[in-house]
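Predicted, not measured: the structure shown is a model, and the values here were computed from it. Index from 1, following the sequence.
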Amino acid sequence: GGPAFRASLGVLAGVRRGRPLLHAWSMSVPHPAPAAPPLQVRAPLPPDMAALVERLWPELGLDPAAWPQLSLSQLETLETRAM
């Protein structure tokens, strides 16, 4: 990994490992009835992922729907501040 990844290892100390940090917080699928609107499902962040977000990006909060649409440079700025 690059320097940002290596620097983040200290921030991640104590975070439970053993599963990928992947989570579909929102999804929309076609409804089986053709005339019905799509089914939309949302799920809160799992506790381990929520703890990681609180630790790395406390200003984001825990509702992904409220997260701003960030550019890559803005994400890198958040990452740098988290270290």
Check for a donor-acceptor pair, side chain of Trp67 on one end and backbone N or O of Gly61 on the other, with a separation under 3.5 Å.
-> yes

Sorted by chain and number, sequence neighbours left out, side chain to side chain contact (heavy atoms under 4.5 Å, CB included) with Ala43 holds for His23

Atom pairs and distances, donor-acceptor, side-chain atoms in residues 25-42, under 3.5 Å, two or more places apart:
unit_1 : atom_1 : unit_2 : atom_2 : d
His31  : ND1    : Ala33  : N      : 2.9

Minimal heavy-atom distance between Leu62 and Leu45, with the atoms involved, is O-CD1, 3.8 Å

